[in-house]
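A short write-up of the structure that comes next.
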There are 2 protein chains.
Amino acid sequence: MPRVADHDQRRALLARAFQRLLATRGFADVSFARVAAEAGVSVGLIQHYFTDKDALLRFAYEDAVNRMSDRVRVRVRNGEAAGLPFADRLLDTLVELLPLDAERDVEYRVRQGLQAQALHHPGLADVARRAGGDLLGYVRAVVERGKESGDVAPGVDAVLAARAILATVQGLADQVALSGPDAFPARDVLRPVVAAVFTG
Amino acid sequence: MPRVADHDQRRALLARAFQRLLATRGFADVSFARVAAEAGVSVGLIQHYFTDKDALLRFAYEDAVNRMSDRVRVRVRNGEAAGLPFADRLLDTLVELLPLDAERDVEYRVRQGLQAQALHHPGLADVARRAGGDLLGYVRAVVERGKESGDVAPGVDAVLAARAILATVQGLADQVALSGPDAFPARDVLRPVVAAVFTG
DNA sequence: CCGGTAACCATACCGCCGTATCGCTTCAGG
DNA sequence: CCTGAAGCGATACGGCGGTATGGTTACCGG
C-alpha cells in the first residue's frame, strides 16, 4: 500500500470549498475549476475523490445538512439541562436557523441551494427529505415533551404543530435573506407561532 | 414602417416558454436554445426581443410574479362580496399558493427559482422583494380589516402577523414540494396559524 | 408599386464547462 | 531497496453555453 491520505478529511475540504462558493457566488458560478481554486488544489484532485459532479454535489449538501442537524440536536439536548421553558428553548434554537448573521447566512444559502436543486434531482431530494425529517423529529419531540409537562394542550397533533413551526422558520428565513436581518424583528414574528402551540 | 409585431405578446410568449422549462427541467437546464425550441421560434428571435439573458430572466420572473399577485388580489377582493369570515377566505386564498396540484406546482417552481436566483442577483432581488411586498400588503390589509370587525385582537401588529402567516405559507410550500401533496394535510397545518391571528 | 425598416432565421464564434488521459511524486510492503 | 499502487497535477478534448453577424422575408408609407 502506497502513500495514504485521509479520504474523509480530503472530501470535507472540497465540500467546504464548494459550500463557500455556493454561498458567495451562487450555484450557477460553481464549477470544478473554481472549487479547486477555492480549495487550493488541482481539478484532478476533485476527480480523484469524486466520480463526477453529482457525487460532489451530494456529498457537499449532505455535509452541510449533517452539520446543521447536529447543531440543532445538541442545542435541543443541552437545553434540557437548563431550566428554561420549552417554548423559549425551542425559539432560541430555531432563531439560529435564520440568516441573521454572516455565518448563519452561509448556512442558509447552502440549504436554499439544496432545496432549489432538489426539485429537479431525485438524489438531492432524498438528502433534503432526510434533513427535513430529522428537523421535524427534533421539534416533534420537543412538542411531545411539552404535552407531558402540560405546556402543550393534549389535543394538538405534535407532527402537524412541528410542521407549522418549521414552515414558519423556513419561510421567515427566505424573508430575512431577501430583506436583510434588520428589516423586521424576525424573532418577534416567530414567537407567537411557537406560543400558539406552547400555551402553558 | 414595416411589418409590425406585438412586442408585449411576443415577450410574453417567450417568458411563458422560459417558465415552463424552469418548472419542468430546472434552472440549470434553461438555455436560449431550449427556450427557443419550447416556444417554437429561433434563437435569434429571443435576441431580437431581449438584449441578453438577464433581460429575459428578469422579464420572465416579473411576468410570473405579476400573474400570481393579480390572482391573489382579485381573490381577496372577490372574497369580500361573499359572507365567509375573514379567516376562511384568507385560508382559501393562501392554500392556492401551495403546490398541491400540477398548475400551482409550476407556479411554485418558478417562484422558488426566482427566490434562489435573487440571492445572488441584485436585479432579481428587486423583483422578489416587490412581489413579497405586494403579497404582504394584501395579507396585511385583510388582517386590518379583521381588526376593524373584531375578528383580530386590537393589540396585534398587522404587518408582523401578516409576515408570520406568509412565512408559514412559503415554508409549507417547500415542504409540500419536497414530500408531495399527499404526505400531510397542508391546509390543516396552515389553519391554526391563521386562527392564531383571527381569534374571533 | 417600390423602397426601406422591422421581424425573423441560420450559422459562426469564442469561452468555459465536465471529463479523460498521462505523467510525476511519494511512500508502504516484501 | 526497489517496486508498484495511490496521491496529485497538467493538459487535452468534445460539447454546449451566450452572443455577434449577415441574410431573407414580409409589410407599411408614400
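When reading the values below, keep in mind they use all heavy atoms of this one structure, side chains included, and skip hydrogens, waters and symmetry mates. No experiment lies behind these values; they were computed from the predicted model shown. We name chains A, B, ... by the order of the sequence lines, and we start the count at 1 in each one.
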Query - Tyr49(B) side chain, from C-beta outward: closest of dG18(C), dC8(C), dC8(D) - result: dC8(C)

Query - Closest nucleotide among dA10(C), dC8(C), dG18(C) to the Lys53(A) side chain - result: dG18(C)

Query raised in the report: Separation of Ile46(A) atom CD1 from dT11(D) atom C1', in whole Å?
Result: 16 Å

Query - Selection from dA7(C), dA10(D), dG9(D) that lies nearest to any side-chain heavy atom of Gln47(A) - result: dA10(D)

Report summary line: Side-chain contact check for Phe32(A): nearest option of dA7(C), dG18(C), dG9(D) is dG18(C)

Query raised in the report: To the nearest angstrom, how far is Leu56(A) atom CG from dG18(C) atom P?
Result: 10 Å

Requested in this report: Find the distance Asp52(B):CG to dG18(D):C1' and express it as a whole number of Å.
Outcome: 9 Å

Report summary line: Assign each of Ala5(B) and Ala33(A) the nucleotide of DNA chain C bearing its closest heavy atom; nearer the 5' end lies the nucleotide of Ala5(B)

Report task. Take the protein atom CZ of Phe27(A) and the nucleotide atom C1' of dG18(C), then report the distance between them rounded to whole Å. Result -> 13 Å

Requested in this report: Please answer: with hydrophobic residues joined when any side-chain heavy atoms are less than 4.5 Å apart, are Leu91(A) and Leu160(B) in the same cluster?
Outcome: yes

**Report entry** dC17(C) phosphate, OP1 or OP2, under 4.0 Å from Arg34(A) side-chain N/O
**Finding:** yes

Query raised in the report: Would a hydrophobic clustering, with Ile, Leu, Val, Met, Phe, Trp and Tyr connected at side-chain separations under 4.5 Å, put Val193(A) with Leu172(B)?
Result: no

Report task. Tell me whether the OP1 or OP2 atom of dG7(D) has a side-chain N or O from His7(A) closer than 4.0 Å. Result -> yes

Query raised in the report: CG of Asp6(B) versus C1' of dC27(D): gap in Å, rounded?
Result: 16 Å

Query raised in the report: Are OP1 or OP2 of dA10(D) and a side-chain N or O of Ser42(A) less than 4.0 angstrom apart?
Result: no

Query raised in the report: Counting distance only, does the side-chain N/O of Ser69(B) pair as donor-acceptor with the main-chain N or O of Val65(B) below 3.5 Å?
Result: no

Query raised in the report: When you look at Asp70(B) and Arg67(B), which way does the salt bridge (charged side-chain N to carboxylate O under 4.0 Å, His left out) test go after all the steps?
Result: CA-CA 5 Å; Asp70(B) 286 354; Arg67(B) 282 196 296 160; over 6 Å; no

Query raised in the report: Within this structure, what is the CG-to-P distance between Leu45(A) and dG18(C), rounded to whole angstrom?
Result: 16 Å

Query raised in the report: Base, sugar-phosphate, or nothing for Phe50(A), non-hydrogen atoms under 4.0 angstrom?
Result: nothing

Query raised in the report: Just how far, in rounded Å, is P of dG18(D) from CG of Asp54(B)?
Result: 12 Å

Requested in this report: Would you tell me if any nitrogen or oxygen in the side chain of His48(B) comes within less than 4.0 Å of OP1 or OP2 on dC8(C)?
Outcome: no

Query - Inter- and intrachain pairs under side-chain hydrogen bond (donor to acceptor under 3.5 Å, both in side chains), touching residues 29-52 of chain B, at least two apart - result: Arg20(B)-Glu38(B)

Query raised in the report: Just how far, in rounded Å, is P of dC17(C) from CG of Leu21(A)?
Result: 11 Å

